[in-house]
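Residue indices begin at 1 and follow the sequence shown.
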Amino acid sequence: MRPAPTILHLDMDAFYASAEQAAKPSLRGKAVVVGGLGPRGVVATASYEARRLGVHSAMPTAQARRLAPNAAYLVPRFSLYRTVSDQVMELLGRLSPLVEPLSLDEAFVDLEAGGTADDSASARATGEGLRTAIHAVTGLSGSVGLAGSKMLAKIASEEAKPDGLLLIEPGTERELLAPMSVRILPGVGPATGDHLRRAGMTTVHDLAEAGEAELVRLVGKAHGHGLYRMALGLDDRPVVAERDAKSVSVEDTFDVDLHDRVRVRAEVERLAVRCVERLRAADRSGRTVVLKVRRYDFSTLTRSETLRGPTDDPTVVREAAGRLLESVDTTGGVRLLGVGVTGLADYTQEDLFAQAADARELAQRAQEHSSPPVEGGEESVPEPEPDSAELLAARRWPAGHDVHHEKHGHGWVQGSGVGRVTVRFEEPWSAPGRVLTFRMDDPLLRPADPLPLVRDAADYSSWPASLPKSRSGADSSGGGESSP
């Protein structure tokens, strides 16, 4: 524990949904749900308007539609979210060399290491300045928690939501934590929380009063010891700038179970290529290929194969994933597939077998292009089941994604189906726009890249030295509704 609240935790408010509202003037102040839209889709983020209707993250989209039938349901635009996240992380990096990102919208910052705060007053001023900078650069709001430990800083940012700042003065930790639910503590999930409730412990105060020996008896030595320290507000974990990834993986859940073996293999190969793209983007290689298959009955199987050395070769990973698939029975149907690579390294090892495989693949493609397809006979390969027109439309024109029309300009997809796509034409800095419907194959309509959320962002090149210490109208002691 530090004697000053110099650990900062930033959590962007309803990040994906807030970014969509900022990009789409017609959705501001309205319920917005971002996530998978198919029958098996899951909510990634819900706006605060949707949360008031009972919608929350990780909820099945079908259930969310029942609770909020009039909400806007959008497919995530990760390119936009990553761009905004990079802007936010760049601002955090100016505060300290020790920034520990937890996700696209969340991070810890060690202000003491950056020399930007050494007491409560300077920490509060830095936190308010950060909120001002984020709002000016991205147009979005974030909640800030400040405390002498990572655990308390994260609890403080949660209590400050939305669009607020909460500073926990050293020495007040136990008083603040005492009335809170045991679920507020890291590592206390539904099962542990229910176990503690049956033992008569529902608040953090109950845990502190029970003592370490009783908690060890209830939940085991390692967990019990840590739980007791957290109940006392003790947490000595440092902010770690580099969090080394242990694996890279991608997976897809399908709206309809896949039964065609050829289609299943094609999806595995597609996922393998996406996995390698992520691997290369991180400048890493990996030695072990992992295949994940969730079948029609929700049973999940994993298979792995360890290579002779680390690789980032898509052919090697694709062929390994294909071999792993051969050992899995998929006759009943597949609802989810995933491909991952573990045993990461910073180098690759040339693989002669991979080079040979590349040569075989090139020769095979040349033969396929030079020879007519075999019609009938035992050597013919069955075609994968064709996707429906509705599914193809949803893939080409995902709800919420950007489009450009040569006559009407920039807009976003409100919906598509029965050969039509409906578009609302507006920009982040415009008034709510009009809605028009086009044929799905309209030659004047094409997918587009997201626009920046702020057209004329303020110049913060000299931040934090030149930044005002507080934002007009901001609540510096707790949460408050964000401005539209």
Side-chain angles (χ1 to χ4, degrees), residues 35-44 57-63 76 78 103 189-192 244-282 284-345 351 353-354 357 361 381-388 391 395:
L37 305 190
R40 294 172 178 167
V42 174
V43 175
S57 300
M59 170 184 286
T61 303
Q63 182 181 353
F78 287 106
S103 62
T192 302
D244 197 20
K246 296 181 180 179
S247 65
V248 173
S249 63
V250 295
E251 62 181 42
D252 272 350
T253 300
F254 305 101
D255 292 341
V256 179
D257 289 347
L258 302 184
H259 294 275
D260 189 309
R261 186 74 177 184
V262 175
R263 171 71 182 277
V264 172
R265 185 178 181 92
E267 292 292 342
V268 167
E269 292 180 349
R270 180 180 62 84
L271 290 169
V273 172
R274 283 177 53 197
C275 181
V276 171
E277 288 174 353
R278 289 192 181 183
L279 197 66
R280 289 182 169 180
R284 306 300 295 274
S285 61
R287 187 172 184 178
T288 301
V289 179
V290 180
L291 175 70
K292 177 180 177 181
V293 179
R294 180 164 296 150
R295 300 189 292 189
Y296 69 99
D297 58 356
F298 288 89
S299 61
T300 302
L301 305 176
T302 57
R303 300 288 187 270
S304 64
E305 177 180 322
T306 298
L307 309 172
R308 294 181 302 171
T311 184
D312 64 353
D313 189 308
T315 302
V316 174
V317 176
R318 188 171 64 241
E319 290 188 350
R323 289 192 296 271
L324 294 171
L325 178 63
E326 295 302 318
S327 65
V328 178
D329 180 11
T330 63
T331 53
V334 173
R335 59 184 293 122
L336 177 147
L337 289 169
V339 175
V341 176
T342 65
L344 301 188
D351 193 318
F353 286 104
E361 184 177 9
V381 177
E383 289 293 325
E385 298 173 355
D387 290 324
S388 68
L391 185 56
R395 286 179 177 174

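Residues Thr61 and Val43 come closest through the heavy atom pair OG1-N, 3.8 Å. Residues Val268 and Ala321 approach most closely at CG1-CB, 3.6 Å, considering heavy atoms. When all heavy atoms are compared, the tightest approach of Leu279 to Ser285 is CD2-CA, 3.9 Å. Nearest heavy atoms, Val317 versus Val341: CG1-CG2, 4.3 Å. For Cys275 against Ser249, the heavy-atom pair with the smallest separation is SG-CA, 4.2 Å. The two residues Val316 and Leu307 have their closest heavy-atom pair at CG1-CD1, 3.6 Å.
Atoms CG and CG, on Leu291 and Leu337 in that order, are 7.0 Å from each other to the nearest 0.5 Å. Taken from CG in Asp260 to CD in Glu267, the straight-line distance is 10.5 Å, to the nearest 0.5 Å.
With 3.5 Å as the limit, one finds a donor-acceptor pair spanning the side chains of Asp297 and Ser299. Checking Thr300 against Arg294 by side-chain atom types alone, a donor-acceptor pair falls below 3.5 Å. Checked by atom type, the side-chain pair Ser304/Thr288 shows no donor-acceptor distance below 3.5 Å.
A salt bridge does not link Asp257 to Arg295: none of the charged nitrogens lies less than 4.0 Å from a carboxylate oxygen. Salt bridge annotation for Asp312-Arg280: present, with a cationic side-chain nitrogen under 4.0 angstrom from a carboxylate oxygen. Contact check on Arg274 versus Glu277 returns no salt bridge, with no Lys/Arg side-chain nitrogen under 4.0 Å from an Asp/Glu carboxylate oxygen.
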*Go through the steps to decide whether Arg287 and Glu305 satisfy the test salt bridge (Lys or Arg N to Asp or Glu O under 4.0 Å), and finish with yes or no.*
CA-CA 9 Å; Arg287 187 172 184 178; Glu305 177 180 322; over 6 Å; no
*Checking side-chain contact (heavy atoms from CB on, under 4.5 Å) for the pair Leu336/Val293: CA distance, chi angles, key distance, verdict?*
CA-CA 6 Å; Leu336 177 147; Val293 179; over 6 Å; no
*Are Leu344 and Lys246 close enough, and set up right, to give a side-chain contact (heavy atoms from CB on, under 4.5 Å), and what steps lead you there?*
CA-CA 6 Å; Leu344 301 188; Lys246 296 181 180 179; over 6 Å; no
*Can you check salt bridge (Lys or Arg N to Asp or Glu O under 4.0 Å) on Arg270 and Asp252, steps first, answer last?*
CA-CA 10 Å; Arg270 180 180 62 84; Asp252 272 350; 2.7 Å; yes
_Verdict with supporting geometry, Met59 and Val42, side-chain contact (heavy atoms from CB on, under 4.5 Å)_ = CA-CA 6 Å; Met59 170 184 286; Val42 174; over 6 Å; no
*asked:* Show, in sequence, the C-alpha distance, side-chain angles and deciding distance for Val339 and Lys292, and conclude whether the side-chain contact (heavy atoms from CB on, under 4.5 Å) test is met.
replied: CA-CA 6 Å; Val339 175; Lys292 177 180 177 181; over 6 Å; no
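Cation-pi geometry between Arg335 and Phe298 is met: under 6.0 angstrom from the ring centre, within 45 degrees of the axis.
With hydrogens and angles ignored, the 3.5 Å screen pairs no side-chain donor or acceptor of Thr342 with any backbone N or O of Ser247.
A 4.5 Å side-chain heavy-atom check between Val328 and Arg303 finds at least one atom pair inside the cut-off.
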